[in-house]
Amino acid sequence: QLQLVESGGGLVQPGGSLRLSCKATGFTLDYSAVGWFRQTPGKEREGVSCISRAGTITDVADSVKGRFTMSVDIADNAAYLQMDNLQADDTAVYYCATTAISLGRCGLSLNQTKYWGQGVQVTVSS
């Protein structure tokens, strides 16, 4: 079974940056893309960004476009989320999950996910 382990969360001031990591172990052939999702109390979990396993397909939510970027390390089965110019609204628990490729796009919908990591807290505050 595939397992995902996130790291890199923490506290950052508005305008700062963080880089989240998601490493896959176990049956690492069992995914075609990886996505980052986030959730705050009382709100639904939302898709933030996704990338295909080879890094050739990416997508990003409008709310973070121009500030968040995903990348992959194919050899290490790892995916990264670079978050720049963080704002208070970005405060959330961030989860990585395997997701699907459909019609040439990686999935940011929850119904396209399969395996999930445990989540990391990102807090943006002065």
Give the ring-plane orientation class for Phe37 versus Trp116, where under 30° counts as parallel, over 60° as perpendicular and anything between as tilted.
tilted
Heavy-atom donor-acceptor pair, Ser21 side chain to Gly8 backbone, under 3.5 Å
no
Would a 4.5 Å heavy-atom cut-off, applied to side chains only, mark Leu20 and Glu6 as touching?
no
Distance from Cys106 atom SG to Ile57 atom CD1, nearest 0.5 Å?
7.0 Å
Straight-line distance of Phe68 CZ to Asn85 CG, nearest 0.5 Å
9.0 Å
Ser52 OG to Ile74 CD1 distance, which is reported to the nearest 0.5 Å:
8.0 Å
Decide side chain to side chain contact (heavy atoms under 4.5 Å, CB included) for Val34 and Val72; before the verdict, give the C-alpha distance in whole Å, the side-chain angles of both, and the deciding distance to 0.1 Å.
CA-CA 9 Å; Val34 174; Val72 295; over 6 Å; no
Backbone of Glu44 reached by a side-chain donor or acceptor of Glu46 within 3.5 Å
no
Taking the six-membered ring of Tyr80 as reference, does the NZ or CZ atom of Arg19 fall below 6.0 Å from its centre and within a 45° cone about the axis?
yes
Taking all heavy atoms of Ala33 and all of Ala100, pick out the closest pair and write down the distance.
CB-O, 4.4 Å
Any chain of hydrophobic side-chain contacts (each under 4.5 Å) joining Val120 to Val124?
yes
Flag the pair Tyr31 / Thr113 as yes when at least one side-chain heavy-atom distance between them is below 4.5 Å, and no otherwise.
no
I need the single residue from Asp90, Asp89, Asp84 that forms a side chain to side chain contact (heavy atoms under 4.5 Å, CB included) with Leu86. Which is it?
Asp90
Are the side chains of Thr91 and Gln121 in contact, using a 4.5 Å heavy-atom criterion?
yes
Any donor and acceptor pair, going by atom type alone, linking the side chain of Gln112 with main-chain N or O of Ile101 inside 3.5 Å?
no
Approximate separation, where rounding is to 0.5 Å, of Thr99 OG1 and Leu110 CG
9.0 Å
Is the shortest side-chain heavy-atom distance between Met83 and Val122 below 4.5 Å?
yes
CZ/Arg67: more than 12 non-hydrogen atoms of other groups inside 6.0 Å:
yes
Kindly check if the number of other-residue, nucleotide or ligand heavy atoms within 6.0 Å of CD (Gln3) is above 12?
no
Using side-chain heavy atoms (C-beta onward) and a distance below 4.5 Å, is Met70 in contact with Val48?
no
Should Ser125 and Leu11 count as side-chain neighbours, where that means a heavy-atom distance under 4.5 Å?
yes
Thr98 side chain reached by Leu4 side chain, heavy atoms, under 4.5 Å
yes
Find out if a path of hydrophobic residues (ILVMFWY) with successive side-chain heavy-atom gaps under 4.5 Å connects Trp36 to Tyr95.
no
Rounded distance (nearest 0.5 Å) linking atom SG of Cys50 with atom CG of Leu81:
11.0 Å
